[in-house]
Amino acid sequence: MSTLPTTRLRPLAAAIALASCLAAPTTATAAAEPNSPAPAADCALVGKTGWTDEGHNTDANQFQPSRGVRRVLTLFVDFPDAQATDSTDAYATQLAPAADWMSRASYGRSQLAISSLHRWIRMPADSTSYGFARGLTFETHEKYVRDAITAADPYADLSQYDMVYVVPTKAAAAISFSPTYLFDPNTSGVTADGTRLKWAVTFGQDMWRWGYKVAAHETGHTFGLPDLYSFTAPTHQYAGGWDVMGNIAGPAPQYLGWHSWKLGWTRDSQVACLPGPGRRTVRLTPVERPGGTKIAVLRTGETTAYVAESRRAEGNDAAACSTGVLIYKVDSAAQTGEGPVRIMNANPTATPPTGCTQLDLAAYAPGQTFTDPDTGVRIDVLADGWAGDVVRLSKS
C-alpha cells in the first residue's frame, strides 16, 4: 500500500547442492582485481525524492528507527454505521505473526513488540465518512488517526508506544485498504498523553486477503522504504514477488539485500562495493540467513547502481519460485511506485508454474551473465552451492 506524501495531496492510491562449499572462482581473473576493495560507503546512494525512496539519507525525524524494539499498540475500532459484534481476538491473531516475520527478516535487529487494547473503540463518525472509497488525502487520513487516538485515549497511555496499528471491524466495508500514516512536522499533528503520534498503520479489509505480511509492508514505510509495485498497470512489472514492499503475497517476500543495508540490518562489512571501472569477485551468502556478505553493489551513477544477491527457498522465502543470484537496478531518484527497484530477469522466456509470475523466475544460475552495454556493467555468476553464490562484477 502507499504512504500519503504531505507535500502533495494525491489519491492513495532448491535445489540441494551435493557439496557444502562453493566452487572457487577462476584464477584467471584474480590478478585483475583490486588489492584494496572500496568501502561500502562508496556505493551508498543519496535519495532525491524527499519521501520514501532507496537513498541511504533517511530522514531520522520523518521516519522511525528500523533497529531495536518498536513498541506497537493495536487499537480495534468500530463505527456508528458499522458496529462490531465479534471478539477482537481473531483480529489480533491475524496480525500477530508479523512480529516473528520481521525478526527473521532483520536478523533479529528489528523487534515489533505488539500489544493489543482488547476492546472495541467507537469512532465518532460513520465509516463511510472517512474517504477511503473515494481516495484518501493526507488530511482525511490524519483525521481518521486522530479520531481513533482520541477515542482510545481514556483506555491506554499512548505515550508508552512508538506507533499504533488501527484495525477496523469486518463490518466496516468502507475502510477498504491499509495506508501508512507518517506525520507532517509542519502541522500540529496528533497528540495524546503529552506525546505526538508520528507513525501509524490503519488497516483495512485487505488485511484479511494479505494476512500479517501487510503489517510488514506498511511498517516498512515507517522505516522509509518505498513501494516497489507500480502505481500504473501492470502492477508488479518492476519487482514481481521478490520483496514484501512489492507484491505482499509474492512467493519470495524477504526484504531485498539493498533494503536490509539501508535499514542497518546488513552492516557495511557485509557489502561488497565496486564504485567505478574494475573487477571484483564476491562470495554471497543468501539474504535469508544471517552472516556473510549479503550484497555486491556496482555503482553506475550518482543515484543508480546494480545489485547482486543470493536467494534461497528458505525462511521467509520458503515458497520462492526460483533460486540463485538476483540482480536488480536501484535508482534512488525514482519516486515510490515508479520503479525505484527493477529486477533483471535471467529467464524471460520460461513458463511460470502455477502461483508464480514471469518475474518470479528471474534468478541467475552459474554460467549466466547480465550485461548493460550503456554503463559497461557485466555480472557473471560463477558458482553456486549450499552456502550461496559466487559472482564477478566488472565495469569497463
Side-chain angles (χ1 to χ4, degrees), residues 14-44 104-107 109 242-243 252 254-262 264-300 305-317 320 322-330 343-344 346 362-371 377-395:
I16 303 297
L18 296 178
S20 62
C21 297
L22 295 173
T26 57
T27 57
T29 63
E33 299 186 9
N35 293 323
S36 300
D42 287 358
C43 285
R104 282 193 304 272
S106 66
Y107 318 117
R109 294 182 180 130
W242 286 105
D243 186 301
Q254 170 73 24
Y255 293 105
L256 293 168
W258 180 271
H259 282 166
S260 182
W261 183 31
K262 170 180 165 69
W265 303 339
T266 288
R267 297 183 170 92
D268 284 1
S269 60
Q270 297 176 285
V271 177
C273 170
L274 185 63
R279 181 178 293 171
R280 186 169 182 180
T281 300
V282 182
R283 295 173 180 265
L284 295 167
T285 300
V287 299
E288 296 84 6
R289 309 172 194 166
T293 300
K294 285 286 166 277
I295 56 174
V297 185
L298 205 166
R299 187 166 188 162
T300 56
Y306 282 104
V307 182
E309 65 186 47
S310 177
R311 303 294 289 249
R312 292 294 183 269
E314 58 188 64
N316 289 342
D317 284 350
S322 65
T323 61
V325 177
L326 191 67
I327 298 174
Y328 50 94
K329 182 179 181 179
V330 176
I343 304 294
M344 305 295 111
Y364 285 70
Q368 289 185 298
T369 296
F370 168 76
T371 61
V377 164
R378 180 184 176 103
I379 302 175
D380 295 284
V381 180
L382 304 180
D384 65 1
W386 177 87
D389 299 274
V390 177
V391 298
R392 184 172 60 229
L393 311 180
S394 57
K395 187 172 185 293

**Study point:** Salt bridge present between Glu288 and Arg311 (N-O < 4.0 angstrom)
**Key:** yes
**Study point:** Carboxylate-amine/guanidinium contact Asp317 Arg104, below 4.0 Å
**Key:** no
Can you find a heavy atom in the side chain of [X] that is under 4.5 Å from one in the side chain of [Y]?
{"X": "Gln270", "Y": "Thr293", "result": "no"}
{"X": "Arg299", "Y": "Asp42", "result": "no"}
{"X": "Thr266", "Y": "Val287", "result": "no"}
{"X": "Tyr328", "Y": "Trp242", "result": "no"}
{"X": "Asp384", "Y": "Arg312", "result": "yes"}
{"X": "Lys294", "Y": "Tyr107", "result": "yes"}

Check whether [X] reaches the backbone of [Y] with its side chain - one donor and one acceptor, N or O, closer than 3.5 Å.
{"X": "Arg392", "Y": "Arg279", "value": "no"}
{"X": "Gln254", "Y": "Ala105", "value": "yes"}
{"X": "Asp268", "Y": "Ala40", "value": "no"}

At their closest point, which heavy atom of [X] faces which heavy atom of [Y], and how far apart are they?
{"X": "Met344", "Y": "Tyr364", "result": "O-CE1, 3.6 Å"}
{"X": "Pro286", "Y": "Gly388", "result": "CD-CA, 3.8 Å"}
{"X": "Ala346", "Y": "Ala363", "result": "CB-O, 3.6 Å"}
{"X": "Leu298", "Y": "Ser394", "result": "CD1-O, 3.5 Å"}
{"X": "Leu393", "Y": "Ala296", "result": "CD1-CB, 3.8 Å"}
{"X": "Ala308", "Y": "Leu284", "result": "O-CD1, 3.8 Å"}

Practice item. Determine, step by step, whether Phe370 and Val377 satisfy the side chain to side chain contact (heavy atoms under 4.5 Å, CB included) criterion, reporting the C-alpha distance in whole Å, the side-chain angles of both residues, the deciding distance to 0.1 Å, and the verdict. Key: CA-CA 8 Å; Phe370 168 76; Val377 164; 4.2 Å; yes
Nearest 0.5 Å, what's the [atom1]-[atom2] distance between [X] and [Y]?
{"X": "Ile327", "Y": "Thr369", "atom1": "CD1", "atom2": "OG1", "value": "8.5 Å"}
{"X": "Asp380", "Y": "Thr371", "atom1": "CG", "atom2": "OG1", "value": "9.5 Å"}
{"X": "Trp258", "Y": "Asp243", "atom1": "CH2", "atom2": "CG", "value": "13.5 Å"}

Review point. How far apart are the C-alpha atoms of Leu256 and Leu326, what are their side-chain angles, what is the distance that settles it, and do they pass the side chain to side chain contact (heavy atoms under 4.5 Å, CB included) test?
Key: CA-CA 9 Å; Leu256 293 168; Leu326 191 67; 3.8 Å; yes
